[in-house]
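Take a look at the structure set out below.
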Amino acid sequence: MQGVSALMEAASFGNYDIIRALHVKSYDLEFSDNNGWTPLMFASFSGDCFAVEFLLEKGANIDAFSNLGATSLIIASDHGKENVVSLLLRRGANVNAKSIHGMTALCYSARKGHTRISELLIESGADVNHEDYLKKTALMYAVLLKDLESVNYL
């Protein structure tokens, strides 16, 4: 990974103790790699709720966008990190933020069959009728995946 700080590396592996130790050394929480990923995005990807909570408590921007418009919530939703999604929603993440492809966290979770995450997003106000750049909704992604549980919920 090019342009990655030690803090980002620790976050990508979900190593809370190292993240905490590095933060004492005043690492920039908004420093991003070549793809625009911040330490919070890496921690969200890893699924480490302790690291995510720590970074948020220290002031990490919950709704920062990567170069492709992904937020920490979109990343966690796409990768099935239910506990992180729940935490980010409780902390006020924008449930309807859109990637550069016009996809929301709900679109990403539905296209991967993460039904429980889709439920959490909808309960938090996700727009179930939102269409991405291909004019697809979360329901359409669930249908394409042949995910009956998500189809019934959506």
Side-chain angles (χ1 to χ4, degrees), residues 1-128 130 132 138 141-142 145 147 149-150 152-154:
M1 296 187 286
Q2 289 188 326
V4 176
S5 71
L7 182 60
M8 295 164 86
E9 190 72 29
S12 71
F13 291 107
N15 197 321
Y16 169 71
D17 292 329
I18 292 177
I19 291 168
R20 192 176 53 190
L22 288 172
H23 182 70
V24 171
K25 296 182 183 229
S26 301
Y27 273 85
D28 180 3
L29 295 178
E30 300 311 315
F31 178 81
S32 61
D33 71 357
N34 293 342
N35 295 313
W37 278 43
T38 64
L40 182 59
M41 291 173 186
F42 281 105
S44 297
F45 174 79
S46 77
D48 185 340
C49 285
F50 292 113
V52 170
E53 183 67 42
F54 179 79
L55 292 168
L56 289 172
E57 286 176 7
K58 297 303 178 187
N61 181 354
I62 197 167
D63 288 322
F65 288 97
S66 72
N67 295 350
L68 295 178
T71 63
S72 294
L73 181 61
I74 287 173
I75 292 164
S77 298
D78 188 37
H79 294 282
K81 308 300 183 182
E82 183 180 333
N83 291 336
V84 172
V85 168
S86 181
L87 171 59
L88 291 169
L89 290 170
R90 282 194 315 274
R91 293 295 301 263
N94 181 353
V95 72
N96 289 308
K98 298 170 193 71
S99 71
I100 64 168
H101 303 296
M103 294 178 70
T104 62
L106 181 59
C107 291
Y108 282 99
S109 68
R111 79 177 188 155
K112 294 280 185 79
H114 302 308
T115 306
R116 181 63 190 129
I117 290 174
S118 294
E119 291 172 4
L120 289 171
L121 294 166
I122 291 167
E123 289 167 7
S124 295
D127 180 2
V128 296
H130 172 74
D132 67 8
Y141 281 111
L145 193 61
D147 180 1
E149 185 180 6
S150 290
N152 285 332
Y153 187 80
L154 293 166

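Scope of the values below: all heavy atoms of this structure, side chains included, with no hydrogens, waters or symmetry mates. This chain uses plain numbering: 1 for the first residue, then up along the sequence.
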field: Heavy-atom pair with the smallest gap, counting every atom of A51 and D48
entry: N-OD1, 3.0 Å
statement: Closest heavy-atom pair, S99 versus I74, reported as atoms and distance to 0.1 Å, is N-CD1, 4.0 Å
field: S77 versus H114, closest heavy-atom pair with distance
entry: O-CD2, 3.2 Å
Test item: N35 side-chain N/O and W37 main-chain N/O as donor-acceptor pair under 3.5 Å: no
message: Please find the pair of heavy atoms, one from L145 and one from A110, that lie closest to each other, and give the distance.
response: CD2-O, 3.8 Å
- prompt: Taking only residues two or more places apart in sequence, or in another chain, which ones meet H130 in a ring pair (Phe, Tyr, Trp, His ring centres under 6.0 Å)?
  reply: none
I'd like a table of donor-acceptor pairs (distance under 3.5 Å, sequence neighbours excluded) in which one partner is a side-chain atom from residues 81-93, with atom names and distances.
unit_1 : atom_1 : unit_2 : atom_2 : d
S86    : OG     : R90    : NH1    : 2.9
R91    : NH1    : E53    : OE2    : 2.4

query: Taking C-beta and beyond as the side chain, do L73 and N94 meet within less than 4.5 Å on heavy atoms?
result: no
message: According to salt bridge (Lys or Arg N to Asp or Glu O under 4.0 Å), who are the partners of E123, at least two apart in sequence or on a separate chain?
response: R116
- prompt: Which residue pairs pass the salt bridge (charged side-chain N to carboxylate O under 4.0 Å, His left out) test when at least one of the two sits in residues 101-111, sequence neighbours left out?
  reply: D78-R111
task: Only pairs at least two apart or in different chains count here, so list each ring pair (Phe, Tyr, Trp, His ring centres under 6.0 Å) that has a residue in residues 58-107.
output: F45-H79, H101-Y133
query: Of all residues at least two apart in sequence or in a different chain, which pass the side chain to side chain contact (heavy atoms under 4.5 Å, CB included) check with N67?
result: none
task: Over all heavy atoms of both residues, which pair between S72 and L40 is shortest? Give the atoms and the distance, please.
output: OG-CG, 3.4 Å
query: Less than 4.5 Å apart, any side-chain heavy atom of S109 and any of L121?
result: yes
- prompt: Just wondering, do V52 and S44 contact through their side chains at under 4.5 Å, heavy atoms?
  reply: yes
- request: Heavy atoms only: give me the nearest L106-D127 pair and the separation to one decimal.
  value: CD2-O, 3.9 Å
- prompt: Under the 3.5 angstrom rule, does the side chain of E119 hit a backbone N or O of Y153 as a donor-acceptor pair?
  reply: no
